[in-house]
Amino acid sequence: MVAADDRNMCSGPLPGQSGSGEILTYESDSMVYAMNWSTRRGRQFRLGVGSFREERANVVEIIELDEERNKLVSSPALTIQHDFPPTKLMFIPNLESSHPDLMATAGEVLRVWHVHDDADPHPGSGGKGVRLQRVLHNVDKSETCEHSLVMPEGLKNGDVIEAKSKSSEFSGPLTSFDWSEQEARRIATCSLDTTVTIWDIEAKSKSSEFSGPLTSFDWSEQEARRIATCSLDTTVTIWDIE
């Protein structure tokens with residue numbers, strides 16, 4: 001990795017100062033594919049960025065604004081090694097910092113990380129750093145799903161998509177995921193192996209199988225148990241989680 005102090009950025013005004021156009025630019029030493037904002041209050045210039053390298057060894061960096069130097073910097077303590085390029089990353093939607101500072105990344109599995117930095121209000125952090133908290137994948141031979149997905153009332157198809165336990169030792173690559181803003185303990189992933197999995201990161205997973213490879217997923221901001229999926233089988237579908 002290139003040291004943070006050796007990286008250049010284009011100068012520009014901070015928010016509230018005069019000027020327009022580009023504010024700040026950070027230059028990574030790898031192609032960048034995945035990126036997302038931290039939603040924590042007071043951290044408006046904090047981003048997670050994931051590399052895109054055509055090899056197994058990739059990285060995720062958490063970059064922040066150094067206000068004294070007016071530049072975006074990364075810290076080695078907040079840089080993590082990641083197997084394969086992350087397809088997406090998100091911080092827990094938690095504006096008021098009532099939950100631990102979590103970040104999730106998707107690749108061949110879903111990883112949940114606990115970010116500890118100087119502003120972490122939760123005790124027991126053990127110092128600044130990013131620590132792997134959970135590794136979640138679609139393979140589960142021991143139990144079947146407890147939740148099924150149904151079409152909301154008023155739509156033409158009301159059939160329940162039956163949940164199935166998976167017998168394969170491998171799960172398909174995760175194409176996307178989304179973190180529920182209304183129930184922060186829930187994350188849902190979609191995969192090329194035709195499954196959507198609703199994860200309770202404090203408990204166990206619930207999954208349902210679909211007819212085609214799934215490419216994207218989104219929680220409803222109005223209904224805590226409503227989701228939408230799209231698939232390579234040409235469909236966009238809205239579901240209620242029972």
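Here the structure is a predicted model, which is why all the values come from computation and not from measurement.
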CG of L136 to CG of L110, rounded to nearest 0.5 Å, is 5.5 Å
Which pair of heavy atoms, one from F177 and one from A104, lies closest together, and at what distance? CZ-O, 3.4 Å
Might you point out which heavy atoms bring N36 and F91 nearest each other, and give the distance in Å? O-CE1, 3.8 Å
Between T105 and R111, is a side-chain hydrogen bond (donor to acceptor under 3.5 Å, both in side chains) present by the stated rule, with each step listed? CA-CA 5 Å; T105 60; R111 295 176 175 87; 5.1 Å; no
Taking the side chain from T175 and the backbone from C190, do they hold a donor-acceptor pair closer than 3.5 Å? yes
V60 and F52: same hydrophobic cluster, using ILVMFWY side-chain contacts below 4.5 Å? no
Distance (rounded to the nearest 0.5 Å) between T235 OG1 and D233 CG: 3.5 Å
Can you list the steps and then say if V73 with E64 is a side-chain contact (heavy atoms from CB on, under 4.5 Å)? CA-CA 6 Å; V73 298; E64 300 185 87; 5.5 Å; no
Just wondering, do H114 and V130 contact through their side chains at under 4.5 Å, heavy atoms? no
Working to the nearest 0.5 Å, report the span between OG of S74 and CG of D29. 8.5 Å
Could you tell me whether the side chain of D178 and the main chain of W219 form a donor-acceptor pair under 3.5 Å? yes
Answer yes when R185 and D200 have at least one side-chain N-carboxylate O distance shorter than 4.0 Å, and no when they do not. yes
Closer than 3.5 angstrom, by distance alone: can the side chain of S75 be matched with the main-chain N or O of A77 as a donor-acceptor pair? yes
Rounded to the nearest 0.5 Å, how far apart are CG of D101 and CH2 of W113? 14.0 Å
Using a cut-off of 6.0 Å, state whether more than 12 heavy atoms not belonging to E221 lie near its atom CD. no
For the student: nearest non-hydrogen atoms of N58 and E55, plus distance: ND2-O, 2.9 Å
Distance check, rounded to the nearest 0.5 Å: L24 atom CG versus K71 atom NZ? 11.0 Å
Inter-residue atom distance K88.NZ - T189.OG1, 0.5 Å rounding: 11.0 Å
side-chain contact (heavy atoms from CB on, under 4.5 Å) between K128 and H116: does it pass, once the steps are laid out? CA-CA 5 Å; K128 188 173 183 178; H116 302 282; 5.7 Å; no
Step by step, work out the side-chain contact (heavy atoms from CB on, under 4.5 Å) result for L78 and E61. CA-CA 6 Å; L78 299 179; E61 299 174 281; over 6 Å; no
More than 12 foreign heavy atoms under 6.0 Å from CD of E54: is that the case here? no
To check you understand the geometry: which heavy-atom pair defines the closest contact between L174 and T87, and what is its length? O-OG1, 3.0 Å
Using the rule that Ile, Leu, Val, Met, Phe, Trp and Tyr join whenever any side-chain heavy atoms are under 4.5 Å apart, tell me whether L89 and Y33 fall into a single cluster. no
Apply the test side-chain contact (heavy atoms from CB on, under 4.5 Å) to residues I201 and I187: give CA-CA distance (whole Å), side-chain angles for both, the deciding distance (0.1 Å), then the verdict. CA-CA 7 Å; I201 61 175; I187 302 178; 3.8 Å; yes
Trace of the side-chain hydrogen bond (donor to acceptor under 3.5 Å, both in side chains) decision for S180 with R186: CA-CA 6 Å; S180 172; R186 297 187 185 277; over 6 Å; no
Just by modelled atom types, is the N94 backbone N or O under 3.5 Å from a matching donor or acceptor in the S98 side chain? no
With a 4.5 Å cut-off on side-chain heavy atoms, are E108 and P173 touching? no
So, for P86 and A34, which heavy atoms are closest and what is the spacing to 0.1 Å? O-CB, 3.5 Å
Verify same cluster id: I80, F84 (apolar side-chain graph, 4.5 Å): no
Got a salt bridge between R56 and D83, using NZ or NE/NH1/NH2 to carboxylate O under 4.0 Å? yes
V32 versus S28, closest heavy-atom pair with distance: CG2-CB, 3.8 Å
Shared ILVMFWY cluster between M31 and L47, side chains joined below 4.5 angstrom? no
